[in-house]
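Below, read A as the first sequence line, B as the second, and so on, with proteins coming before strands; counting in each chain starts at 1.
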Amino acid sequence: MIHEHEKLDHRVQRWIFKQGWTGLREIQCLAIEPILSEKTDVLISASTAAGKTEAFFLPALSAIAVQETGVGILYVSPLKALINDQDRRLESLSDLLEIPVTPWHGDSSKGRKKKLKASPSGVVLITPESLESLLIRDSDWIRAAFSNLKYIVIDEFHAFIGSERGHHLLSLLHRLEHLIGRLETPIPRVALSATLGELEKVPLSLRPNRSLPCKIVKDTHSTSTLKVQVKGYVNPANLATESSNDAEYTICQDLFKFCRGGNHLVFANSRSRTENIAATLSDFCEEKIVPNEFFPHHGSLSKDLRESLEKRLQQEHYPTTAICTMTLELGIDIGKVNSVIQVTAPHSISSLRQRMGRSGRRGGASILRMLIAEAELTKDSSVIDKLRLELIQSLAMIRLLIGSKWYEPADTSLYHFSTLLHQVLAVTAQWGGIRPEQLFSLLCKDGPFQNVNVENFKALLVHMGKKELITQLGSGELVLGLLGEKLTSHYSFYAVFKTPEEFRIVRGTKSLGTLPVDSLVLEGQHIVFGGKRWKVNDIDSEKKVIYVEHAKGGKPPKFGGAGLNIHDVVRQEMFQILKDGDYKISVGDQKVDFADSAARELFGESVRYFEGAKLSREPLLQAGNTTYIFPWLGDKVVNTIVALLIQHGFEAGAYAGVIEVEKASLESVRSTLLKLASMELPTETELAQQVLEKRIEKFDEFLPESTLSIGYGAKAFDMTNTEAWLKKIKTQTDCLI
DNA sequence: GACCTGCTGCGGTTTG
């Protein structure tokens, strides 16, 4: 394997030497042979900054270095910013090989696009949406330009997998292979990612029809070390808002201590908390008369503000801490930071892993601090507070991250009907006219929508006809209808995901960012935005602009938001920790304690309550008029149990995975659960029929009710695991009798 | 009690 690099083009070898590299990394060596073979898909899974991009491009550029004409490599990225980074990173190597690289997205140079149009060759860096636009508007050019295409590479594959946008991408790639006559001899796909759960299942998500095998390349010995600490905080009960005694203020004081003078990332999970923390930390700087080094970074801030902060982080000239949301999670180039701090529990282990990858300078340890505030207990405290579930969830996620290296896998049971409808329109627009059976094989039978059967598809087409999205000609061919024509001819068509309407926040003539309109903003109201406090002067509903001026004090804007989706494995780990009364991680014959004394104290309270209520054996608990159910399973199962109970006349809801059944005795809930365990349960689709608002995705508004129920049912409910849980409850009860 | 991503053609202005 030491001589693998000799298979690379001589100029590529010379370039490697010139970089001063002592040799190739393990994954880079391992990737050479499968990529050069051109006979297999390749999944390259390695941690951040392990050289995944080079692992692909060194051999792939070698393979196309001798290619005369046509685009040889199509690189697909979820972010424009990533395309711009890659364009810069590839410059020296592509210059040496005289291979042109063309970034192709909404904001990229028109001149370079024009040049590629005139003489297509080399590497194209593109977003899925731009590829869609080219397929619809210029498929003849695509057919010619991509006729010699050797590789398709997808960066940050985990950002696509399992989502509407991911299915869009798979459909685009399948349509591309179809267009250039490569269905029989598919173009090898290479997926790059740091955090993929259940690796062996990923190839199916890269190519659902399995027309090529997939080679998995991963680094076998990850040398990176992690240093983790969980700190607990107690939020005093009965406090007036914005008190200097509340937990968030104490957390900010600690953040100031940890971060000042260095480069750090603070992930705060919501834009409003991000804004609050950044403002408080800036205030601390002002009080101490030192330059501010704390800045917010999230999706509603303007590109200018975000980019200047990214640059400041990367240059490392000044100490800088970004308080951020997932905008700094993906691979945009900001260099490594001293440490990562997570305030409030993370939403998934894969995102936690992604965040940790941002820390660890010069091969040193990654440092993660997790700051978790729980409410001070009073006689009115809820069961969820008494169990300290946010802390328990955080501990469970750290154990899964470090102990079992497990990440949430993609949910492959989904239908993605909204995106399927989009693709019916896109393909019809691309071809002008198409027969229904051709559409079905292209999109469902051979394409990525394999969960959709002929009946589902027929129902969809019939409804699309009724809505004038498509029309059937006498010949049987489908063409665009009036509304379909209108939708596909507007640029907003290309993306399959939905964007809420937003107001621009403007100070004088300077745009500070945008705010979703579902939030309440009134004239005279004080808001926090861009890390500073503002007073709203005027709102222009027509132009969708909010005019602001500087102000002191004020409340943050209320950003909108929806539900969580915690996985079964996380909840099972939480149960295990509480049952064992121990969260520590075994390393060799030692146990590593990663919690501070306050977190240990909170954990003790949780375990005492757990044991007192006998929750290790008893899934039900009555407190006053309310009965609680503890399935210790993911939100899909929790949703399913709630829906079943509502069907049986109960008032039920769930919080943090715990089901609350109001005005119900433990015995009445238990007998209903036992009844459910022995009867035939409704299907997920049938359960979805009782849900009133099912239109969530961008094109859901055009779907027939029956199709919506199928899609919603698969997304929200899990009858198989619910049934298994009910049977377990029944067996336990039978044993007791 | 959540987050993020993307898109065109053309008319206008400025610059070489």
- [ ] Report yes if the ring of A:F497 lies under 5.5 Å from the six-membered base ring of B:dT5 with planes under 30°, and no otherwise.
- [x] yes

Open item on the list: Using OP1 and OP2 only, check whether a side-chain N or O of A:S270 sits under 4.0 Å from B:dA2.
Closed with: no

Task: Ring centroid separation A:F160 to A:H168 under 6.0 Å - done: no

Task: Separation of B:dG1 P from A:E390 CD (nearest whole Å) - done: 9 Å

Task: Of the listed nucleotides B:dT5, B:dG6, B:dC4, the one nearest the side chain of A:R306 - done: B:dT5

- [ ] Nearest whole angstrom, please: distance from the C1' of B:dC4 to the NZ of A:K698.
- [x] 15 Å

Task: Residues A:K311 and A:D333 bridged, charged N to O under 4.0 Å - done: no

Task: Sidechain N-carboxylate O distance under 4.0 Å for A:K52, A:D155 - done: no

- [ ] Can you see which heavy atom on A:A623 is nearest to which on A:Y628, and at what distance?
- [x] CB-CE1, 3.9 Å

TODO: Just call it for A:H490: base, sugar-phosphate, or nothing, with non-hydrogen atoms closer than 4.0 Å on any strand.
DONE: nothing

Open item on the list: Between A:R571 and A:D635, does any side-chain N to carboxylate O distance fall below 4.0 Å?
Closed with: yes

Task: Strand-adjacent residues in residues 124-132 of chain A, judged by heavy atoms under 4.0 Å from DNA chain B - done: A:T127, A:E129, A:S130

Open item on the list: How many whole angstroms separate atom CG of A:N565 from atom P of B:dC3?
Closed with: 16 Å

- [ ] Decide, yes or no, whether a salt bridge links A:K636 with A:D411 under the criterion of side-chain N to carboxylate O below 4.0 Å.
- [x] yes

- [ ] Walk me through it: do A:R143 and A:D138 pass the test salt bridge (Lys or Arg N to Asp or Glu O under 4.0 Å)?
- [x] CA-CA 9 Å; A:R143 195 191 336 248; A:D138 227 343; over 6 Å; no

TODO: Looking only at non-hydrogen atoms, find the nearest pair between A:Q423 and A:R175 and report the distance.
DONE: OE1-NH1, 2.7 Å

Task: Selected nucleotide, minimal atom distance to A:T325 side chain, candidates B:dG6, B:dC4, B:dC7 - done: B:dC4

Open item on the list: Would you say the ring centers of A:H416 and A:F449 fall short of 6.0 Å from each other?
Closed with: no

TODO: Take atom CG of A:N84 and atom P of B:dG6, then tell me their distance rounded to the nearest Å.
DONE: 10 Å

Open item on the list: Could you tell me if A:Y712 and A:R695 have a donor-acceptor pair between their side chains, going purely by distance under 3.5 Å?
Closed with: no

Task: Length of the NE2-C1' vector between A:H298 and B:dT5, whole Å - done: 16 Å

TODO: Specify whether A:F575 and A:W632 have parallel, tilted or perpendicular ring planes, treating 30° as the upper limit for parallel and 60° as the lower limit for perpendicular.
DONE: tilted

- [ ] Find the distance A:L169:CG to B:dC7:P and express it as a whole number of Å.
- [x] 13 Å

What's touching nucleotides 9-11 of chain B from the protein side, N or O pairs under 3.5 Å?
residue	atom	partner	partner atom	Å
B:dG9	OP1	A:R137	NH1	3.1

Open item on the list: Distance check needed: B:dT5 P versus A:Q354 CD, whole Å only.
Closed with: 14 Å

Task: 5' priority, DNA chain B, between A:M326 and A:A495 [closest heavy atom] - done: A:M326

TODO: Please work out if A:Y494 contacts a base, only the sugar-phosphate, or nothing of the nucleic acid, heavy-atom cut-off 4.0 Å.
DONE: sugar-phosphate

- [ ] Figure out the CD/P separation between A:E248 and B:dG1, and round it to whole Å.
- [x] 10 Å

Open item on the list: When you measure from the side-chain N and O atoms of A:R271 to the phosphate of B:dC4, is any distance below 4.0 Å, counting only OP1 and OP2?
Closed with: yes

Task: NZ/NE/NH1/NH2 to OD/OE distance under 4.0 Å, A:E329 and A:R358 - done: no

Open item on the list: What contact category does A:S492 fall into here, base, sugar-phosphate, or nothing, at under 4.0 angstrom with non-hydrogen atoms?
Closed with: base

Taking only nitrogen or oxygen atoms into account, show me every contact under 3.5 Å that the protein makes with nucleotides 12-16 of chain B, one pair per line with its distance.
none

